[in-house]
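Structure, as structure tokens:
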Amino acid sequence: MATVEKKYPYALDSEGKAKYVPVWRFTQPHMMAFHLSWICFFMSFVATFAPASLAPVIRDDLFLTKSEVGNAGVSAVCGAIAARLFMGIFVDVVGPRYGAAAAMLMTAPAVFCMALVTDFSTFACVRFFIGLSLCMFVCCQFWCGTMFNVQIVGTANAIAAGWGNMGGGACHFIMPLIYQGIKDGGVPGYQAWRWAFFVPGGIYIVTATLTLLLGIDHPSGKDYRDLKKEGTLKAKGNMWPVIKCGLGNYRSWILALTYGYSFGVELTVDNVIVEYLFDQFGLNLAVAGALGAIFGLMNIFSRATGGMISDLIAKPFGMRGRLWVLWITQTLGGIFCIIMGKVSNSLTATIVIMIIFSIFCQQACGMHFGITPFVSRRAYGVVSGLVGAGGNVGAAITQAIWFSGTATWQINLSRPDSFVWMGVQAVALTVAVMFIWFPMWGSMFTGPREGVEEEDYYLREWSAEEVAQGLHQGSMRFAMESKSQRGYKDKRMLDAVGNRGSPPLTFAPVAPRFHYWTGRQQGRQGT
């Protein structure tokens, strides 16, 4: 009896990935995975930055100094550095559904424990463990990268991550209201802020349960483990080659560095903005929280538009266009961060510049993950984890230098000047984007190497033995889809070949450098 192919309200590519991102739908498996991924990430942001939302209240209750509040913020973003690297490996093995649920369930106790802190040590320790849940970012990006076609993966990743990042702004609005509501109910202020953390803690458990019940790992509609058992999804071989592919690719490290000064800057602002507005302009906590929330809430569209711009610019200009627009946007974000520090005498000017700064900063975040999926197909999870961890490393370093230090010059550094120097640092380090080069697409200033094709780049991640086992076929399908990153002129040539007819895409099982698409032997072409 013939099986009836399932119909979807959107087109699919050769890998079964969706070619559109209809955010109003909850269709299984693509759009349900999309929504579950960003909701989990949203809640991880809410819980991680909830203490920053209530910082003026907590510091008075625990008698914390300015540097202690800052160092607790550093501990919150440090927690996710190793967690994101580990999660990148984890999702490559067992899939994003179990990764997301495990992250939420394992960190939920830490959220509840915020009610028990008594001094700086316990406060910083609990913030560290809550911050581990920011590894949800890797699950989010990996899941979307699995479900959506390469031509719109930047958009899908950016929308999901942007809506997730929005939790960093939403918590500044939500947590003060929860605190005030509990306090108005007759609970003393020093207890009310503690009870407030039971709300995000409870939502963690609910979200993890829904992810396990409703989530699906793969476009085929099955989980990773089941697909590997059936042989439908080829295993990636031993784990060490996967890790080596991800960590051994220098593009991963450059993107981790530059992401540290887009997403890392965003995390730093999420940690300090409410306290800054509260102290600099003498606002009450509710008003400071509402105004501070604007920065994070801009993610409702800003990060998404970053991914969309990256995808749109790639149509005529390919990967080189993605690199150029990332450099321009992130540099502008750093410039407006400098300007925000220079207008510290005016609340209105600060808020206006903060909004512009947030748009460029968050768009740059989205643009990073329009590039990241192409660095390595075999080690996509590892690369996502490394780049994501780079964001937390950047946040930790930035906040430790400009907002939390105990050296005399750091103590005497005003908050406005801290924003200025953070912007200078972001502008300077974004120059590293210029050194990213793909042999088949080129870099910002140089073109591709003649004769190199996408199959060459992605096939080099596999040994002859692994090719003989057919483990590389998923990478080869991705290589075909990624030809769209050549840019307008090369795509016209490809279309011309396609119109004349081309041979089927098959690969010699024992010679990784030979493929029948080009009909010639290829040597190892660059790294």
Side-chain angles (χ1 to χ4, degrees), residues 3-46 91 95-101 104 136-167 170 203 206-224 226-227 233 297-312 314-315 362-363 365-366 369-370 373 380 384 477-478 481 484:
T3 58
V4 178
E5 185 178 352
K6 182 178 179 180
K7 300 293 183 181
Y8 294 91
Y10 39 78
L12 305 181
D13 68 7
S14 61
E15 295 183 279
K17 297 181 179 181
K19 290 186 175 182
Y20 303 99
V21 191
V23 296
W24 58 90
R25 295 187 181 276
F26 288 83
T27 310
Q28 288 279 25
H30 307 88
M31 295 313 301
M32 182 61 74
F34 169 84
H35 287 295
L36 289 172
S37 67
W38 79 258
I39 290 171
C40 288
F41 190 35
F42 177 92
M43 283 311 306
S44 72
F45 253 83
V46 170
V91 295
R97 182 173 72 103
Y98 284 114
M104 303 294 280
M136 264 304 308
F137 170 76
V138 180
C139 301
C140 174
Q141 299 296 272
F142 186 93
W143 215 347
C144 288
T146 300
M147 293 291 179
F148 295 96
N149 175 264
V150 296
Q151 295 189 47
I152 52 95
V153 69
T155 299
N157 276 341
I159 295 174
W163 290 2
N165 285 3
M166 197 166 58
I203 297 176
V206 173
T207 305
T209 303
L210 290 176
T211 300
L212 288 172
L213 293 176
L214 302 177
I216 296 175
D217 281 325
H218 194 265
S220 64
K222 298 183 179 181
D223 290 331
Y224 264 42
D226 294 336
L227 289 169
L233 181 67
L297 290 174
M298 297 304 291
N299 273 297
I300 195 170
F301 72 89
S302 58
R303 182 157 182 158
T305 57
M308 292 174 186
I309 292 170
S310 182
D311 285 341
L312 287 173
K315 291 181 179 179
Q362 293 157 8
Q363 282 182 335
C365 293
F369 281 84
Y380 177 38
S384 295
R477 287 191 293 270
F478 181 82
E481 294 290 345
S484 61

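Excluded from the calculations below are hydrogen atoms, water molecules and symmetry mates; all remaining heavy atoms, backbone and side chain alike, are included. Count residues from 1 along the sequence.
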Quiz prompt | Residue pair T211 / A101: nearest heavy atoms and the distance that separates them | solution = CG2-N, 4.4 Å
Quiz item: Which heavy-atom pair separates Q363 from S302 by the least distance, and what is that distance?
Solution: CG-O, 3.0 Å
Exercise. Calculate, to the nearest 0.5 Å, the distance between atoms CD1 and CE belonging to I203 and M43 respectively.
Key: 4.0 Å
Quiz item: Does the W38 side chain pair with the main chain of N165, one donor and one acceptor, at a distance under 3.5 Å?
Solution: no
Exercise. With rounding to the nearest 0.5 Å, note down the distance linking CD1 in I39 to OG in S44.
Key: 12.5 Å
Quiz item: Backbone N or O of G306 within a donor-acceptor pair of the S310 side chain at under 3.5 Å?
Solution: no
Quiz prompt | Pairwise side-chain contact, T146 with D217, heavy-atom cut-off 4.5 Å (strictly under) | solution = no
Exercise. Could you tell me the separation between the CZ atom of F41 and the CE atom of M104, rounded to the nearest 0.5 Å?
Key: 11.0 Å
Self-check item: Closest contact, heavy atoms only, A304 versus I159
Solution: CB-CG1, 3.4 Å
Quiz item: When rounded to the nearest 0.5 angstrom, what distance separates CE in M298 from CE in M166?
Solution: 11.5 Å
Quiz item: How long is the gap from CH2 on W163 to CD1 on I300, to the nearest 0.5 Å?
Solution: 7.5 Å
Practice problem: Determine, using ring centers only, whether F478 and Y380 are less than 6.0 Å apart. | Solution: no
Quiz item: Sub-3.5 Å donor-acceptor pair from the side chain of R97 to the main-chain atoms of I216, do we have one?
Solution: no
Practice problem: Return the minimal non-hydrogen interatomic distance between A100 and C139, and the atom names on each side. | Solution: N-SG, 3.5 Å
Quiz prompt | Non-hydrogen side-chain atoms of P373 and N157 separated by less than 4.5 Å | solution = yes
Self-check item: Nearest heavy atoms of C144 and A160, plus distance in Å
Solution: SG-CB, 3.6 Å
Quiz item: If you take all heavy atoms of R303 and F137, which pair is closest and at what distance?
Solution: NH2-CE1, 3.3 Å
Quiz item: Can you tell me how far CZ of F148 sits from CG of L12, rounded to the nearest 0.5 angstrom?
Solution: 10.5 Å
Table please: side-chain donor-acceptor pairs of residues 17-32 below 3.5 Å, with sequence neighbours left out.
from: K17; atom 1: NZ; to: G145; atom 2: O; distance (Å): 3.3
from: Q28; atom 1: NE2; to: L214; atom 2: O; distance (Å): 2.7
from: H30; atom 1: ND1; to: Y10; atom 2: OH; distance (Å): 3.0
from: H30; atom 1: NE2; to: G16; atom 2: O; distance (Å): 2.8

